[in-house]
Structure formats: structure tokens, C-alpha cells
Amino acid sequence: MQPWYCKPSHHPPKLTALMRWLISILAFVAFAALLRAEDTATVKLADGFERPVGSNGLEYYRARGMRPHGHLGEDWDGVGGGDTDLGDPVTATAHGIVLFARDFHLGWGNVVIIRHAYLEAGKITFVDSLYGHLNEILVQEGEQVTRGQKIGTIGNNHGMYAAHLHFEMRKNLRIGMARSAFAPDYTNYWDPSEFIAAHPRLEGVGRIAVVPINTFVKYTGPADLDSAIAQAGGAPPRSSPLTPLSSTTASSANSAQPKVKPRGAFKVDPFEDMRGGKY
């Protein structure tokens with residue numbers, strides 16, 4: 001007969017099983033929390049939307065507006081034209097969270113994209129605002145911003161354009177930098193000025209909303225366009241506004257399209273803001 005101190009105990013196995021069960025539950029909870037943290041974020045509900053320029057008290061005008069199947073945003077320029085507004089403040093149109101803040105090069109330069117949540121007919125709705133050609137980026141991805149906060153400065157895409165702000169408002173939260181993978185019309189875009197005019201003040205002040213993140217279709221440049229189109233649902237290929245034109249094509253396009261009459265020293269390039277050479 002074995003001495004009492006050599007007899008196996010039934011308690012340790014039971015304790016081990018309990019511990020394994022607890023560990024598995026905790027692991028699942030941690031994984032779920034991590035997954036949720038990666039796919040959503042909390043933001044202040046927008047209390048209204050405003051123009052992204054003019055906070056410095058200077059005057060700006062809309063040099064070019066939104067046109068489906070053409071220019072998908074607005075170009076805002078200082079009344080002095082040229083580079084007189086270079087370095088002027090660009091402000092967030094509303095409360096939101098920064099999802100993209102980097103130099104995309106090509107025809108874009110420095111770009112910031114902010115996601116906003118707002119109440120529309122009693123329901124929480126989402127919209128993305130894009131700020132292009134910035135001289136400086138003053139926010140980071142994942143940063144919470146408030147309406148009127150300075151997020152960057154007006155730029156000229158590293159000298160490619162006369163200084164101005166390219167500003168877009170997107171209904172579709174998947175676009176990101178893959179514009180060519182989505183229909184260039186009102187199914188995916190808002191007219192920025194019309195949207196702001198319709199939402200100057202909103203309900204829900206002080207409330208917090210959960211917004212989806214990590215929704216952008218992967219797109220790093222023209223070479224990645226086919227992949228972006230496939231991820232977007234197999235939309236038919238379109239001419240990418242980010243693909244630089246050859247000198248021959250650019251020359252032909254220049255002769256085929258009339259120049260837009262400039263105001264002051266501001267000129268609009270014939271390739272819908274995102275293509276071609278210098279102004």
C-alpha cells in the first residue's frame with residue numbers, strides 16, 4: 001500500500017481543467033476585443049460641417065466645382081491666385097477620425113482623409129472628407145480631430161500645381177485612394193459645397209458614435225489598379241486619374257481640350273486636377 005503522501009489527488013486535474021477553460025474564455029474575449037478595436041473606432045458625432053479654408057480670415061473662392069465623370073471634388077484657391085495661399089491653414093470640415101495621412105505622390109501629393117459620423121433623419125450616417133495637395137500634414141492616422149481644427153496647409157503637390165486645396169466628400173467608405181475602382185458619380189460622392197450647405201448644424205452634440213475603419217480598398221498606385229478593381233467588386237477598368245500621361249498623349253489632350261479661363265493667376269489643368277504636368 002502506498003503511503004498517503006504518494007496517493008494521487010483528484011483536485012489538481014479538476015483545477016487544471018478549470019484553468020484551461022478560463023484561459024480559453026479570456027483568449028476569446030481578448031481576440032474579440034482586438035478584432036473590434038481594429039475594425040471600429042469611436043468618434044464624436046459631427047455637430048455640423050464647414051468649409052475647410054478661410055479660418056485665417058482671408059478670402060478664398062471655389063476655382064472649380066464637383067462634376068461627375070470628371071472632377072470629383074472642389075478646388076479652393078486664395079483670391080490672390082498663384083502660390084499666394086501656399087501654407088495657408090486647411091481645417092477639418094467636422095469632428096472625425098483621421099484614417100489616411102501621408103504623401104501619396106503622383107498627382108496627389110500629401111493627402112489627409114477623415115471619417116465623420118453624423119445624424120441624418122435620426123440615424124447615424126458616415127462620410128469621408130479628403131484634403132489633397134497639402135504642403136504640410138499636421139495630423140496622424142488614428143488621431144481624433146474636431147471641426148475647424150488645423151490639419152494641414154495648402155500646397156502645390158511639390159510644385160506640380162499652383163497652390164490650392166483639392167477637397168472631396170465621399171459617400172462610399174471603401175474608396176480611400178482607389179478612385180479609379182469606383183463609379184465617378186453621385187453614387188459614391190457628394191458635391192462638397194452642397195453637402196456642407198445642407199449640414200451646417202446637426203443634432204447629437206456631445207454624443208459618441210462607433211465608426212467602421214480599415215474599409216479602404218488596398219491601392220498603392222496605378223500598378224495595383226486591377227487588384228483594387230477586383231476588391232471593389234469587379235467594376236470595369238477606367239482611365240486612372242493617378243496615371244501620369246506620356247508627353248505625346250498630354251500634348252494631344254492639351255490641343256483637344258480648351259483651357260479653363262483662369263481667375264487671377266489660378267489655372268486649372270486639363271486633366272481634371274489629378275493628371276498631367278505643371279500649370
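Any value given below was found using the heavy atoms of this structure, including those in side chains, with hydrogens, waters and symmetry copies removed. Positions are given from 1, in the same order as the sequence printed here.
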Single-linkage hydrophobic cluster, 4.5 Å side-chain cutoff, [X] and [Y] together:
| X | Y | result |
| --- | --- | --- |
| Val112 | Leu86 | no |
| Leu119 | Val211 | yes |
| Leu138 | Val98 | no |

| Under the ring-ring contact (aromatic ring centres under 6.0 Å, His included) test, residues paired with His95 that sit two or more places apart |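 Once residues adjacent in sequence are excluded, His95 has no partner under the ring-ring contact (aromatic ring centres under 6.0 Å, His included) criterion.
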If you look at every heavy atom in [X] and [Y], which pair is closest and at what distance?
| X | Y | value |
| --- | --- | --- |
| Ile137 | Leu134 | CG1-CD1, 4.3 Å |
| Ala209 | Leu45 | CB-CD2, 3.7 Å |
| Pro68 | Asp185 | CB-CA, 4.0 Å |
| Ile124 | Ala117 | CG2-CB, 4.2 Å |
| Pro52 | Leu165 | CG-CD2, 3.6 Å |
| Asp85 | His164 | OD2-CA, 4.2 Å |

Rounded to the nearest 0.5 Å, what separates atom [atom1] in [X] from atom [atom2] in [Y]?
| X | Y | atom1 | atom2 | value |
| --- | --- | --- | --- | --- |
| Phe49 | Ile196 | CZ | CD1 | 8.5 Å |
| Leu225 | Thr220 | CG | OG1 | 10.5 Å |
| Asn157 | His166 | CG | NE2 | 11.5 Å |
| Leu173 | Asn214 | CG | CG | 12.0 Å |
| Ile151 | Ser129 | CD1 | OG | 6.5 Å |

| Residue pairs, two or more places apart or on separate chains, that pass salt bridge (charged side-chain N to carboxylate O under 4.0 Å, His left out) and touch residues 131-148 |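 Residue pairs passing salt bridge (charged side-chain N to carboxylate O under 4.0 Å, His left out), neighbours aside: Asp47-Arg147, Glu50-Arg147, Arg102-Glu141.
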| field | Full working for salt bridge (charged side-chain N to carboxylate O under 4.0 Å, His left out) between Asp224 and Lys218 | value | CA-CA 8 Å; Asp224 199 30; Lys218 179 180 176 293; 3.4 Å; yes
| Any side-chain donor-acceptor pair under 3.5 Å between Thr91 and Gln149? |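 No, Gln149 and Thr91 have no side-chain donor paired with an acceptor closer than 3.5 Å.
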| task | Give the intermediate values and the outcome of side-chain contact (heavy atoms from CB on, under 4.5 Å) for residues Trp190 and His199. | result | CA-CA 12 Å; Trp190 292 103; His199 303 85; 5.7 Å; no
Indicate, with yes or no, if the rings of [X] and [Y] have centres closer together than 6.0 Å.
| X | Y | answer |
| --- | --- | --- |
| His133 | His158 | no |
| Phe167 | Tyr131 | yes |
| Tyr118 | Phe195 | yes |
| His116 | Phe126 | no |

Taking the side chain as C-beta and beyond, is there a heavy-atom pair between [X] and [Y] under 4.5 Å?
| X | Y | value |
| --- | --- | --- |
| Met177 | Ile113 | yes |
| Tyr60 | Val79 | no |
| Arg62 | Arg64 | no |
| Tyr219 | Arg179 | no |
| Phe104 | Asn110 | no |
| Phe182 | Arg170 | no |

| Chi angles and distances behind the side-chain contact (heavy atoms from CB on, under 4.5 Å) call for Lys171, Tyr189 | CA-CA 5 Å; Lys171 302 176 184 179; Tyr189 295 87; 6.0 Å; no
| Considering residues at least two apart in sequence or located in another chain, which fulfil the salt bridge (charged side-chain N to carboxylate O under 4.0 Å, His left out) criterion with Asp128? |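 Salt bridge (charged side-chain N to carboxylate O under 4.0 Å, His left out) list for Asp128, sorted by chain: Arg115.
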| message | Show, in sequence, the C-alpha distance, side-chain angles and deciding distance for Ser193 and Glu74, and conclude whether the side-chain contact (heavy atoms from CB on, under 4.5 Å) test is met. | response | CA-CA 8 Å; Ser193 286; Glu74 296 177 339; 2.7 Å; yes
| said: Given 3.5 Å as the limit, does a donor-acceptor pair link the side chain of Asp191 with the main chain of Glu194, or not? | reply: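 Yes.
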| Side-chain donor/acceptor of Asp88 to backbone N/O of Ile154, under 3.5 Å |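 Judged by distance alone, no pair lies under 3.5 Å.
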| message | Applying side-chain contact (heavy atoms from CB on, under 4.5 Å) to Ile114 and Ile97, what does each step give before you reach the verdict? | response | CA-CA 5 Å; Ile114 301 174; Ile97 182 171; 5.8 Å; no
